[in-house]
Amino acid sequence: MGERTLAKAYSPREHEPACLERWTRERCFHAEPGDPGAPYSVFIPPPNVTAALHLGHALNNTLQDALVRVARMRGANAMWMPGTDHAGIATQTVVEKRLLQQGIRRTDLSRETFVAKVQEWKDEYEGVILDQLRAMGASCDYDRVRFTMDPVCTAAVREAFFRLFCDGLIYRGKRLVNWDPVSQTALADDEVEMEEVDGHFWYLRYPLEDGSGHITVATTRPETMLGDTGVAVNPKDPRAAALRGKRVRLPIVGRVIPIVEDDYVVMPVSRGGDPSDPKAQFASGFLKVTPAHDANDWDIGLRHGLVAINVMAPDASISDRHGWTDVSDEARGFVGMSREDARRAVVTWFREHGLLEDAKPYRHSVGHSYRSHVPVEPYLSDQWYVRVTDDRLRGAALRAMAPEQVEGALPAGAAALPARAGDGELRFFPPRYARTFQQWHEGIRDWCISRQLWWGHQIPVWSRTVSVTAQGSGLSAAASGALGAAVAAGDGAGLAVRVSRISDGAPVRVEGDIEAALRAAGPGDYAIHACARHDAAGTALEAHGFVRDPDVLDTWFSSALWPMSTLGWPEPDRFGMRGLLDTWNPSAVLSTAREIITLWVSRMVMMNRYLLGGRVPFRHVFIHSIVQDGYGQKMSKSLGNGVDPRDIIATHGADALRFCLVQMSTGTQDVRLPVDVLCPFTGESFAPKTVTTSSGHTVAAPIQSCPKDPAKRMVTAFGASSGQAVPTDEMPLARNTSARFDIGRNFANKLWNATRFALAQFPEGGDPAGVAVSPERLVDRWMLATFARAVRAVDESVDGYQFNACAEALYNLVWRDFCDWYLEAIKPTVKSDPRQRAVLRAVLDGSMRLMHPVMPFVTEALWPSVQGIAGSPVDGLRLDPSATLARAAWPAARPGLDDADAIARFARVQALVLAIRNVRGERGVEVKRRITLHAAAAASSIVQDGAGVVETLAGLASVVPLDPSSRPADAVPVAFEGEEFWLSGLVDAVDTAAESQRLAKAIADRERVAAGYRAKLSNPGYLAKAKPELIEETRSLLAKAEADIAAARKARESLAGA
RNA sequence: GGGCGCUUAGCUCAGUUGGCAGAGCACCGCCAUUACACGGCGGGUGUCGCAGGUUCGAGUCCUGCAGCGCUCACCA
């Protein structure tokens, strides 16, 4: 079946589709729980469906694929779970933008219609993403593709929410959230990006109520003064005592507010503040307190019983309809202004009224929405939270850490608990990232999970408010009965009920009879929240005036369940997934980027441990490097500087892409990747002209001109993805490419041609199969030993997630050792030596297997030819036959195959060959010209040991003993291993002066080296303290150097005498 | 401000327990040689960011400084 003749060059586009088709047809990547082998699973970090994948994703997925393919070949029951993430706010924003281009606002549509539009977008990009993964060769189990809003994932989200709600780990809270006034949704802390902004410190005078003067507050946000409900001063401030009990009259508003004392307030340097504290440089000592619009002020307000007055609408305009009731006539003019206009207007007002004491320019960081990029407004609202600060979540995450990676001691109490499944099982690679994980949890705050969006998992809570009077709550008997029954039944009823007083949020204890509980709690307004395990229980409440929360959950809530939900938790049977959860959770490794440690890794660990009896979701976390563009900027979907991996596949092939990404994964250094544009007119690549975006990033200009013909223009990928330019027939889309992938392309071609050559050495159909053979020739023993070492190097690098070392080991094995030395060395002998052919066959076969995880296409394409060669196995190297390489066994080399003696002896052969080639190269001897070696003892024994290899590789016509008494006229002397050998027949006439110069150079070089050794050996400290074997080695190196010098000197003399 | 990382050949980067610096690309010379020009052979290239310290010996360990990047915190 093996093809005897291969094309002269490897053409990825001719072979990749066939490989993909074959893998799919034979379901090579599908795994079932009962399949043989130890379970090994990887969960893809599900990419957002907002856009196509870029090279950052390609890097991550290539590394995962290499891991999974190695595991599969080692015989594991390997399953790589693919899928995509709905990315609530990101996807909704993208679709909203697209609709706006057609003049449609989201709110013009019904929720159902809008969600359907997002669903269309999702379907399109999910398809693109899966195509990209396939094109890269990702060996995912495509039968198991999941989406975070699939029914099975939705079921998991519902169950997780219900369980956390029942256990008191989800609560509703009225507090300040990070509010995005454009998207009009709350954001989690990690969705806020800090950006440097040029602002001002404004110094505003607030008159004392008793007319005895004024105090001055310093603020960067003067517009919030409309919501001030107090002024704070540090009790240590010398002025505090005199102001005790006084109040100020808030300008514009007229509100009279207290002066409170709080040691949070920074004192100005002039009043004893710490000069090293930058705040003290700007502080006035008086802090305006706006509990509804500042997180710290909120805390101060709580400590001093200050009310919170919200003066803004959800769009961040000044509003009197969201909690502000004491609006004065003066203040009414500010209502309706945007926060920016209000800031200017407030400052102007203070200036005009002589109350603006000062204004200083001030550069500081302001939180911006990661999505809409406008400043985030601290905004008072009701949201749902996960109590991640609870020990059952945070503590469990910290206890999951491998003990040797924990820095210091775990938080009090955490370490004292009885050990539990999963404790200490989580390990980071590289280890330094454990610290990020630990520090994040030590400083974690409760997680706001509600989002005011339409795209996502709607929160499964039905609520209503009741007013309790002497007559009762007004709840119908039916409603009261249903809720009471649910409470009495506990979790089993599928309905969990929580009641709280609205005025202060105090919980009301409910033990069965709701009505009784409410009456006991006393008159007032109460909120009843019922969390339903299934929709039916919730919708049944709607008849009783309950309304489902319109908000959706933070996307990470569903992502946090990914390693469980994709395996059918909590009801695997319902989705035909029996056995999956227990087979593949915990997974082997999560491969992801640095910023995901806090966003996702943490949450997966907490959820998996909480909901699955302590199990960790993955035992290893591998943090890969970040792919940057040529300007050091991270490739990202939002910036639009990402390169589509299909572009690289088109110009270089998938294997080239993969090999180079593996090679670039170094563990410390991010990957910088200069990107070129491929001209669609000429096919040539060029560095694009760039523009600077409003955010200060450098990107390719949307439209470029052909360097050869400026009249011809094209649209860049950036232009198309950012919507700034639309490709047309006249102005087509230009793909990206990058010369960084040339190495991979060349390497694939090298492997192809090496195989092509090797195949040609065999008789038709191969050799007769027989018993295992042992090689006799040194070069064969060396090749097998080198192969055995390469297997070990690849094994170790893969197991340690040191991918660049893996690429290096493969490259050295195939190119340097196999092609440059072995194939060249065996050319004269292999056709007549069946035993050597057995070695060639084995090493070729084994190399294919070793290369496959990194370069699956070219190896799979060659595999039928390689497997088509019959022959005897080689003793010590087990290579079980397999129809497809993707399912073939990993090479197993017996320890004895690593033959140190053969490697050492062949190293001398190589050294002699290089010494001869060096002279040939410097003398410009034609490759075809065969020369004569006059060998003394050492060289002679090496030649003999090499059994023809030296002659072949150094281009020797003959080897004769060196006879000092009869030196040929054209003999060129060379110093080697402390002796001399001659080469004759190099050229027709010897250039004595040039030879002498060459020898002089060699002498100088060795003298320099010898001087170094002598210096060492004459250093008493070195002799006294260095290891004895090291000193011995130095002595021997010095002796060799001196012998070389002597030999070269003698050679030079004999040259002069010739 | 806290934490982490980086600074090595023109470029992109290795350098795992301290023992006189490496790869690929680029560059120069030779080569149509029947596996491969996506190739072969040969070549040179470095105050290992700066300044101290430990050591017989430092790219490697320690301290300080500078620059770059990421991350957390900070809207007085």
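Letters go in sequence order (proteins before strands), and every chain restarts at 1. For clarity, every value in this text was computed on a predicted model and none was experimentally measured.
Across B/C38, B/G24, B/C36, the shortest atom-to-atom separation from the side chain of A/Arg816 is found for B/G24. Nearest nucleotide to the A/Leu914 side chain, out of B/U12, B/G42, B/A35: B/G42. Comparing B/G3, B/C13, B/G39 against the side chain of A/Gln669 picks out B/C13 as the nearest. Each of B/A37, B/A32, B/C13 was ranked by its minimum atom distance to the side chain of A/Arg672; first place goes to B/C13. In the set B/C6, B/G19, B/C75, the nucleotide with an atom closest to the side chain of A/Thr668 is B/C6. When distances run from any side-chain atom of A/Val366 to the nucleotides B/G19, B/C75, B/U33, the shortest one goes to B/C75. Taking every side-chain heavy atom of A/Arg435 into account, B/C4 is the closest of B/C4, B/C38, B/C20. Side-chain atoms of A/Glu824 lie closest to B/C36 of the nucleotides B/U12, B/G19, B/C36. Candidate nucleotides B/A76, B/U12, B/C36 were compared by shortest atom distance to the side chain of A/Arg756, and B/C36 ranks first. Each of B/A76, B/C70, B/C36 was ranked by its minimum atom distance to the side chain of A/Tyr362; first place goes to B/A76.
With both ends at atom P, the span from B/A58 to B/A14 equals 24 Å, rounded to whole Å. With C1' as the reference atom, B/G49 and B/G69 are 15 Å apart, rounded to whole Å. Distance noted for atom C1' between B/U7 and B/U34: 49 Å (whole Å). Taking atom P on both nucleotides, B/U16 is separated from B/U60 by 11 Å, rounded to a whole Å.
A/Arg594 comes within contact range of the sugar-phosphate backbone alone, with a heavy-atom separation under 4.0 Å but no base atom that close. Nucleic acid contact for A/Ala1024: none, since no nucleic acid atom lies under 4.0 Å from a heavy atom of the residue.
Here the P atom of nucleotide B/C6 and the CG atom of A/Asn804 are 13 Å apart, to the nearest Å. Taking atom CZ of A/Arg13 as the reference point, atom C1' of B/C38 lies 15 Å away to the nearest angstrom. Rounding to whole angstrom units, OH of residue A/Tyr811 and C1' of B/G22 are separated by 14 Å. Taking atom CG on A/Asp676 and atom C1' on B/U12, their separation rounds to 14 Å, with Å as the unit. Between A/Arg917 atom CZ and B/C31 atom C1' the separation is 13 Å, expressed in whole Å. Computed from coordinates, the A/Ile743 CD1 to B/C36 C1' distance equals 17 Å when rounded to whole Å.
Residues A/Arg205 and A/Ser284 form no side-chain contact, since every pair of their non-hydrogen atoms from C-beta on lies 4.5 Å or further apart. Two residues are said to be in side-chain contact when any heavy atoms from C-beta on lie closer than 4.5 Å; A/Val843 and A/Leu813 fail this criterion.
Using a 4.0 Å cut-off, some side-chain N or O of A/Asn746 falls inside it from OP1 or OP2 of B/G39. Contact between the side-chain N/O atoms of A/Thr436 and the OP1/OP2 oxygens of B/C4 is not found at any separation under 4.0 Å. Listed pair A/Asn296 / B/C75 meets the phosphate criterion, a side-chain N or O lying under 4.0 Å from OP1 or OP2. Between A/Asn918 and B/G43, a side-chain N or O to OP1/OP2 separation shorter than 4.0 Å is present. Using a 4.0 Å cut-off, some side-chain N or O of A/Lys827 falls inside it from OP1 or OP2 of B/A35. Distances shorter than 4.0 Å separate none of the side-chain N or O atoms of A/Thr290 from OP1 or OP2 on B/C75. Listed pair A/Lys750 / B/G39 fails the phosphate criterion, with no side-chain N or O lying under 4.0 Å from OP1 or OP2. Dashed line: the shortest gap from a side-chain N or O of A/Trp815 to OP1 or OP2 of B/A35 is not under 4.0 Å.
Not counting sequence neighbours, A/Tyr1022 has no partner by the ring pair (Phe, Tyr, Trp, His ring centres under 6.0 Å) test.
A salt bridge links A/Glu824 to A/Lys827: at least one charged side-chain nitrogen sits closer than 4.0 Å to a carboxylate oxygen. No salt bridge links A/Lys1027 with A/Glu1033; every basic N to acidic carboxylate O contact stays at or beyond 4.0 Å.
Residues A/Phe429 and A/Tyr801 bring their aromatic ring centres within 6.0 Å.
Ring geometry for A/Tyr811 versus A/Phe747: interplanar angle of 30 to 60°, hence tilted.
Side chains of A/Asp817 and A/Tyr822: a donor-acceptor N/O pair is absent below 3.5 angstrom, by distance only.
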* To do: State the dot-bracket string of RNA chain B. Criteria: Watson-Crick or G-U wobble, both atom distances under 3.5 angstrom; notation: ( ) intrastrand, [ ] crossing earlier pairs, | interstrand, . unpaired.
  => (((((((..((((.....[..)))).(((((.......))))).....(((((..]....))))))))))))....

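The 5' end of RNA chain B is approached more closely, in terms of each residue's nearest nucleotide, by A/Tyr10 than by the other of A/Thr220 and A/Tyr10.
Listed by first then second residue, pairs satisfying side-chain hydrogen bond (donor to acceptor under 3.5 Å, both in side chains) with a partner in residues 743-753 of chain A read A/Asn749-A/Asn753, A/Asn753-A/Arg756, not counting sequence neighbours.
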